[in-house]
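Have a look at the structure that comes next, please.
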Amino acid sequence: MEGKLVSSRFKRVCVFCGSSTGKRDCYRDAAIELAQELVSKRLELVYGGGSIGLMGLVSQTVHRGGGKVLGIIPRTLMCKELTGETVGEVRPVADMHQRKAEMARHSDCFIALPGGYGTLEELLEVITWAQLGIHDKPVGLLNVDGYYNYLLTFIDKAVDDGFIKPSQRHIIVSAPNAKELVQKLEEYVPVHDGVIAKARWEVEQPQQQQQQQQVGFNATTLQTEIAL
């Protein structure tokens with residue numbers, strides 16, 4: 001019966017998550033469950049390229065299950081003691097900004113597992129890109145045992161106090177488990193609320209022509225257009 005699943009609207013899923021496993025087994029279990037859900041739906045994984053913490057669990061589980069894995073990592077973080085042994089395809093980039101742009105460009109939706117500052121920074125940036133109209137790809141929180149409850153409460157407070165439009169609150173979807181979250185992402189319908197049409201995210205990189213050419217960007221400007 002598993003073979004009769006309806007095809008997903010997605011091909012690749014970007015997963016943001018911690019380079020630590022956290023102190024509770026439920027976080028490890030959730031990472032493995034998410035990876036298994038991706039494999040069962042034949043979804044490819046795009047992630048930050050490391051193989052420690054929850055990043056490692058997700059990537060290794062997808063890889064062992066026969067799924068494709070694309071890791072995108074800044075060259076400065078490629079030391080083995082920082083990232084461990086990676087699996088699948090590893091694509092080195094110049095810096096953190098380029099990493100995020102490449103992860104977004106290669107993905108059809110985003111999922112955040114529990115994590116720390118880095119996970120939050122990546123998550124909030126893709127939410128902001130959606131708010132600005134740079135993309136309309138779904139963004140999901142895997143709210144493991146209420147891990148993101150306080151973040152969601154903060155966002156609701158920002159809506160109540162007029163800093164976020166009510167329609168833009170719905171940029172984020174959340175669920176307590178992987179199967180429910182992926183289903184919500186499949187059903188997501190973007191709200192275009194006066195955003196900038198076909199906006200672009202640009203970072204000037206005048207001294208890095210060879211690096212840009214290697215990853216397929218313009219030689220004078222790192223200009224990644226997130227497909228609408």
Stepwise side chain to side chain donor-acceptor pair (under 3.5 Å) check, E102 with Q98 | CA-CA 6 Å; E102 279 286 273; Q98 193 172 349; 5.9 Å; no

Shortest non-hydrogen pair, T21 vs R28, comes out as CG2-NH1, 3.6 Å

Side chain to side chain contact (heavy atoms under 4.5 Å, CB included) between Y47 and V62, worked out = CA-CA 11 Å; Y47 82 116; V62 170; over 6 Å; no

What distance separates M96 CE from I73 CD1, expressed to the nearest 0.5 Å?
-> 9.0 Å

If you round to the nearest 0.5 Å, how far is CG of D160 from CD1 of I155?
-> 12.0 Å

Note, T119 side chain near L113 side chain (heavy atom, < 4.5 Å) = no

Starting from the C-alpha separation in whole Å, work towards a yes-or-no answer on side chain to side chain contact (heavy atoms under 4.5 Å, CB included) for R42 and S8.
-> CA-CA 8 Å; R42 297 179 175 85; S8 173; over 6 Å; no

Gap between atom CD of Q36 and atom CZ of R64 - 0.5 Å precision | 9.5 Å

Would you indicate whether K11, at its atom NZ, is surrounded by more than 12 heavy atoms from other residues, nucleotides or ligands within a distance under 6.0 Å?
-> no

Check whether any side-chain N or O of R99 sits under 3.5 Å from a backbone N or O of G48 as a donor-acceptor pair, and report yes or no.
-> yes

Non-hydrogen atoms of N177 and L142 that approach each other most closely | C-CD1, 3.3 Å

For V144 against A30, the heavy-atom pair lying closest together | CG2-CB, 3.4 Å

Check whether any side-chain heavy atom of V13 lies under 4.5 Å from a side-chain heavy atom of C109, and answer yes or no.
-> yes

Side-chain donor-acceptor distances from residues 52-61 under 3.5 Å, at least two apart:
from	atom 1	to	atom 2	distance (Å)
S59	OG	M55	O	3.0
S59	OG	G56	O	3.2
Q60	NE2	S51	O	3.4
T61	OG1	L57	O	2.6

OH/Y188 to CD1/I172 distance, rounded to the nearest 0.5 angstrom?
-> 9.5 Å

Apply the test side chain to side chain contact (heavy atoms under 4.5 Å, CB included) to residues F163 and K157: give CA-CA distance (whole Å), side-chain angles for both, the deciding distance (0.1 Å), then the verdict.
-> CA-CA 9 Å; F163 291 101; K157 175 66 172 173; over 6 Å; no

Measure the acute angle between the ring planes of F110 and H135, then classify it against the limits of 30° and 60° as parallel, tilted or perpendicular.
-> tilted

Closest non-hydrogen atom pair, R9 against L185 | NH1-O, 3.3 Å

List the atom of K137, the atom of R105, and the distance in Å for their closest heavy-atom pair.
-> NZ-O, 4.1 Å

What's the spacing between E121 CD and F16 CZ if we round to 0.5 Å?
-> 9.0 Å

When rounded to the nearest 0.5 angstrom, what is the spacing between CG in L151 and CG in N143?
-> 9.0 Å

Look at the side chain of K179 and the backbone N and O of E37, then say whether any donor-acceptor pair between them is shorter than 3.5 Å.
-> no

Under the side chain to side chain contact (heavy atoms under 4.5 Å, CB included) rule, what do V126 and M103 come out as? Steps first, then yes or no, please.
-> CA-CA 10 Å; V126 295; M103 289 171 72; over 6 Å; no

For the residue pair A175 and E180, what are the closest heavy atoms and their distance?
-> CB-CG, 3.8 Å

